[in-house]
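Numbers restart at 1 for each chain; the letters A, B, ... are given by sequence-line order, proteins then strands.
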Number of protein chains: 2
Amino acid sequence: MSEALRPLRRNEIRQQNEALILQAAEKVFAEAGFGGATMQLIADVAGLPKANLHYYFTSKEELYRKVVSNIFDIWLHAAESMDNAPGPVEGIGAYIDAKMEISRRHPDGSKVWASEVMHGAPVIQDYLETTLRDWTAGRAALIQGWIDAGQMAAVNPDHLLYMLWAATQHYADFGHQIETLNGGPLTESQWREAKDSVKVMILRGIGAV
Amino acid sequence: MSEALRPLRRNEIRQQNEALILQAAEKVFAEAGFGGATMQLIADVAGLPKANLHYYFTSKEELYRKVVSNIFDIWLHAAESMDNAPGPVEGIGAYIDAKMEISRRHPDGSKVWASEVMHGAPVIQDYLETTLRDWTAGRAALIQGWIDAGQMAAVNPDHLLYMLWAATQHYADFGHQIETLNGGPLTESQWREAKDSVKVMILRGIGAV
DNA sequence: ATACAACCTGACCAAGCGGTCAACTAAAAT
DNA sequence: ATTTTAGTTGACCGCTTGGTCAGGTTGTAT
């Protein structure tokens with residue numbers, strides 16, 4: 001209710017509708033995959049006529065590309081938590097926390113990303129080859145520095161990163177399987193236990209505790 | 001060449017064509033997802049006319065269901081490697097080996113399974129609730145036994161299982177990402193290193209070494 | 001008040017989809 | 001040799017899809 005009757009300004013309309021569409025698209029792409037998603041369904045979820053989607057996004061693929069790139073930005077932002085840490089316990093611990101929180105708060109985004117990569121990354125191959133490759137190389141060097149300083153065991157940094165990604169994203173991508181086995185969504189304390197379990201196992205696994 | 005001209009017997013024809021179709025379907029479903037896959041494309045990959053697929057499988061969904069259930073059987077078989085082990089080092093070590101080998105040899109199957117679960121398991125929900133649930137409960141009890149016997153640290157068995165699944169399947173499901181970062185497919189020795197890394201980190205992570 | 005540009009949308013379209021079927025060939029049973 | 005059954009396939013069908021567009025509405029600049 002409130003002042004909903006005030007006519008919206010142009011900027012607001014565009015911003016609001018694009019956000020609405022992107023939000024609906026993320027959900028539908030996550031649930032059905034790119035091929036299974038339909039513009040009609042996205043439109044219904046967004047509460048807009050289908051033709052309106054094509055006013056803001058010229059094609060299904062462009063809309064999808066926008067969704068994926070938004071997710072990637074969230075990821076990159078979370079990655080910063082690993083920097084400026086005195087050692088692996090703080091750095092990797094914070095990174096696990098951040099990524100687990102993303103799995104909890106943005107499971108749809110995680111699924112879209114997973115789906116995209118699983119199908120050969122037809123849309124974001126360039127991201128993988130540039131931004132992600134650079135990021136990975138940088139963090140691997142960071143980890144190697146901790147190893148050289150005797151702060152953790154001599155594990156392969158690349159495979160450690162893969163394990164971090166795998167273990168944390170699993171709670172989003174395979175959330176349905178976990179919920180089924182758990183007999184329902186994870187509670188607040190179960191999420192805490194999940195985080196702790198992942199952190200304890202990995203940090204001990206790399207000899208950092 | 002050889003004796004390819006000998007007329008095939010009925011049994012052979014059926015067996016051969018069903019295998020051909022299932023193989024092609026697994027590949028196409030893995031690459032495009034259920035919604036993105038088309039019967040025509042599966043037919044092309046199998047080298048058969050589309051109408052022939054519908055002679056052996058009444059619908060796209062039935063074909064898909066068969067593919068998924070085949071994968072599940074492979075998984076259950078690999079799960080046996082965890083049994084009859086004197087302790088976590090042997091049991092979990094063997095399980096990691098088995099699952100890493102599956103990721104390497106059957107990446108398409110793993111992707112189809114992941115895709116199915118990610119999209120809410122519309123087809124195999126009953127598997128999750130019966131077979132998988134029972135299997136998980138059994139292995140969690142086995143792990144708890146090892147903990148009680150002082151053979152490993154007191155970690156949450158469920159989250160350990162999730163980590164095992166996540167870490168091993170990642171090499172199949174996100175194989176494309178890994179290959180991109182690696183600058184090409186993993187070599188024989190890189191696969192060995194991957195296996196060792198996962199095993200060392202997890203076994204140390206659960207205090208079993 | 002008027003002109004302009006941005007926004008909106010029902011109706012429509014060509015293309016591709018899963019699935020069907022009748023006519024055919026080849027193996028097996030009689 | 002003949003009948004029956006299993007396997008094969010091009011042509012076809014109804015339906016849904018992503019995408020278009022003409023004509024209308026609404027905010028904004030003059």
Next item on the list: Check the surroundings of atom CD in A:Gln23: do more than 12 heavy atoms from other residues, nucleotides or ligands lie under 6.0 Å from it?
Entry: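 Open.
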Notebook entry, point to check: Should we say atom NZ of B:Lys27 is surrounded by more than 12 heavy atoms from elsewhere, each under 6.0 Å from it?
Noted result: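 Result for NZ/B:Lys27: open.
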From C-beta outward on [X], which listed nucleotide comes closest to its side chain: [options]?
{"X": "B:Thr38", "options": "D:dT9, D:dT20, C:dC17", "value": "C:dC17"}
{"X": "B:Ala51", "options": "C:dC8, C:dT20, D:dT28", "value": "C:dT20"}
{"X": "B:Pro49", "options": "D:dT8, D:dT9, C:dT9", "value": "D:dT9"}

Check: Any Lys/Arg nitrogen of B:Arg139 or B:Asp83 sitting under 4.0 Å from an Asp/Glu carboxylate oxygen of the other?
Finding: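 Yes, charged N to carboxylate O under 4.0 Å.
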Margin query: With a 4.0 Å cut-off on N to O distance, would you call A:Lys111 and A:Glu31 a salt bridge?
Written below: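 No.
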Notebook entry, point to check: Given atom CD1 of A:Ile13 and atom P of D:dT28, what is their separation to the nearest angstrom?
Noted result: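 About 7 Å, once rounded to whole Å.
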Notebook entry, point to check: Rounding to a whole Å, what distance do you find between A:Met39:CE and D:dG19:P?
Noted result: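 Atom-to-atom, A:Met39 to D:dG19, this comes out as 6 Å.
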Item checked: Residues in contact with DNA chain D, drawn from residues 19-37 of chain A - heavy-atom cutoff 4.0 Å ->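 Heavy-atom contacts with DNA chain D come from A:Ala37.
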Check: Any N or O donor-acceptor pair linking the side chain of A:Lys50 to the base of D:dG19 at under 3.5 Å?
Finding: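 Under the 3.5 Å cut-off, the side chain and the base do form a donor-acceptor pair.
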Next item on the list: Take B:Glu116 and B:Arg65 through the test salt bridge (charged side-chain N to carboxylate O under 4.0 Å, His left out) and record every step on the way to the result.
Entry: CA-CA 10 Å; B:Glu116 165 69 9; B:Arg65 196 187 303 266; over 6 Å; no
Check: Does B:Arg14 put a side-chain nitrogen or oxygen below 4.0 Å from OP1 or OP2 of D:dG7?
Finding: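 For D:dG7, OP1/OP2 do have a side-chain N/O of B:Arg14 under 4.0 Å.
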Next item on the list: Ignoring backbone atoms, establish whether B:Tyr55 has a side-chain N or O less than 4.0 Å from OP1 or OP2 of D:dT8.
Entry: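 B:Tyr55 to D:dT8 OP1/OP2: no side-chain N or O under 4.0 Å.
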